[in-house]
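The structure appears right after this line, and notes come after that.
Model, not experiment: these values are computed from the prediction. We count ligands from 1, going down the list as the structure has it; atoms in each ligand are counted the same way.
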Amino acid sequence: MKITGVELRRIAMPLVAPFRTSFGTETARDVLLVRVVTPDAEGWGECVAMSEPLYSPEYADGAAEVIRRFLLPALPKNPNVHDIGHALEPIKGHRMAKAALETAILDAQLRAAGEPLAHFLGATHTRVPCGVSVGIMDSIPQLLDAVAGYLDEGYLRIKLKIEPGWDLEPVQAVRERFGDDVLLQVDANAAYTLTDAPRLAHLDAFDLLLIEQPLANDDLIQHAKLAQRLNTPICLDESIESAEHAAAAIALGSCSIINIKPGRIGGYLEARRIHDLCQANGIAVWCGGMLETGLGRAANVALAALPGFTLPGDTSASRRYYATDITEPFELVNGHLDVPTGPGIGVEPIPDVLDEVTTSTEWITL
Ligand code: NPG
């Protein structure tokens, strides 16, 4: 498939409410979009890098630079999506930048062939169960109000962001107010060390689905030690950047669940490899999110429809984050999102809305 050129577009998307995690507070999402143009079709990829390297070493300006300076020149002349990972291999890291470019090419290729992404990936469901991620709040009453609102909207699972100083009390308050039937999990974004094991063990009393990424990204051994001291299953997110990392974590006993974020681990083909590996090893997976617009959300929902995704994902409705999405909004129906059925990722940006939020565009002829 010949690529005529690539557009790098930056958009600024205000969030409906600040989103606080152990690594910072977001009030708006600065997103890099990649549009690949071929004679037959166009394809979109959303880069999940944030504007600052606080969650991972990658950041949006850096991703744009890596794409224009290193990834585009490394592409084969007529790339097929299956060759891209190999062609980009010599460039180390930068998995968010690689994922955005590969997804745009995959989308263009599938649109040209008339094939939906969900079909290409091997999806077995037509809708996916949805959870919601709830940020750190200023007070417990504020948190309880937020959780009540999400449960009213129909979310099937609640994930609470935690950090030292905001962990046992909010979890206990949510359990007391909403009962033991609510599917509940926590996400520490690497905010603890192994010396916190006694405190984290108190979470066992609350029958959580999982605790996500309690320790630092490269602490696979420490996670394995922590797993022996907790009854709550450990789920890894930041630690898993590839299928190789997943294999190491499984072999070491560092986790029993993995959060797959395609935009962070190099794209949907690598995401499927991790899914297949986990399925073969009896490890449950679920689909994470990074505040994607409708473009990234559409592709995540397609992935979440694969058979090994047995836990609800952070595949929330568009309005969880954005008053106006750049695509038709994803809406919750009985706690589920429908998997798009159109060719490629199955959704398009709405031109006027996209123009309104665009802060810059750059065209690169190939
Ligand atoms: O629903 O899209 C979503 C966000 C879910 O909590 C969520 N994402 O650590 O998993 C995370 C967190 C995140 C958001 C991480 C943005 C990095 C950037």
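If you look at D187 next to ligand 1, the close heavy atoms, those under 4.0 Å, all belong to the side chain. Of all the heavy atoms of D237, the ones lying under 4.0 Å from any atom of ligand 1 belong exclusively to the side chain.
Ion pair E163/R20 flagged as a salt bridge, since at least one NZ, NE, NH1 or NH2 atom sits closer than 4.0 Å to an Asp/Glu carboxylate oxygen. Here R264 pairs with D237 in a salt bridge; the nearest charged N to carboxylate O distance falls below 4.0 Å.
Using a 4.0 Å heavy-atom cutoff, T21 is absent from the residues neighbouring ligand 1. Ligand 1 has K261 within reach: a non-hydrogen atom of the residue lies less than 4.0 Å from it.
Taken to the nearest 0.5 Å, the CG atom of L230 stands 10.5 Å off from the CG atom of L208. Note: S22 OG to Y192 OH = 8.5 Å, rounded to the nearest 0.5 Å.
Between T293 and E46 there is a side-chain heavy-atom pair separated by less than 4.5 Å.
For the pair M96 and E58, the tightest heavy-atom approach, listed with the atom from each and the gap, is N-OE2, 2.7 Å.
Less than 4.0 angstrom separates some heavy atom of Y55 from each of these atoms of ligand 1: 9 (O), 15 (C), 17 (C). Each of the atoms 9 (O), 11 (C) of ligand 1 lies under 4.0 Å from some heavy atom of N189.
Here the shortest heavy-atom distance to atom 8 (N) of ligand 1, taken over A49, S133, S56, G289, belongs to G289. Distances from atom 18 (C) of ligand 1 to the heavy atoms of E292, M50, K159 show the closest one on M50.
Counting only heavy atoms of the protein, atom 2 (O) of ligand 1 lies nearest to L291 N, 2.8 Å. Of the protein's non-hydrogen atoms, the one nearest atom 1 (O) of ligand 1 is Y321 OH, 2.9 Å. Given atom 17 (C) of ligand 1, the protein heavy atom at minimum distance is M290 CE, 3.4 Å.
Y321 pairs in a side-chain contact (heavy atoms from CB on, under 4.5 Å) with only one of the listed residues (E26, R297, R29), which is R297.
Any N or O atom pair closer than 3.5 Å counts here, and D314 shares at least one such pair with ligand 1. Of the N or O atoms in F19, none lie within a sub-3.5 Å distance of an N or O in ligand 1. Considering both main-chain and side-chain atoms, K161 comes within under 3.5 Å of ligand 1 through a nitrogen or oxygen pair. Polar contact with ligand 1: absent for F23 (N/O pair, distance under 3.5 Å).
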Practice task
Go through the steps for H245 and E241 under the test side chain to side chain donor-acceptor pair (under 3.5 Å), then give the verdict.
Solution key: CA-CA 6 Å; H245 288 163; E241 291 187 5; 4.7 Å; no

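Screening residues 68-83 for side-chain hydrogen bond (donor to acceptor under 3.5 Å, both in side chains) gives E65-R68, E65-R69, R68-E362 as the qualifying pairs, with residues at least two apart or on separate chains.
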If you look only at distance, which donor and acceptor atoms sit under 3.5 Å apart when one is on a side chain in residues 7-18 and the other is two or more places apart or in another chain?
residue: E7; atom: OE1; partner: R9; partner atom: NE; Å: 3.1
residue: E7; atom: OE1; partner: R35; partner atom: NE; Å: 3.3
residue: E7; atom: OE2; partner: R35; partner atom: NH2; Å: 3.2
residue: R9; atom: NH1; partner: D355; partner atom: OD1; Å: 3.4
residue: R9; atom: NH1; partner: T358; partner atom: OG1; Å: 2.8
residue: R10; atom: NE; partner: D30; partner atom: OD1; Å: 3.0
residue: R10; atom: NH1; partner: D61; partner atom: OD1; Å: 2.9
residue: R10; atom: NH2; partner: D30; partner atom: OD1; Å: 3.4
residue: R10; atom: NH2; partner: D30; partner atom: OD2; Å: 2.9
residue: R10; atom: NH2; partner: D61; partner atom: OD1; Å: 3.0

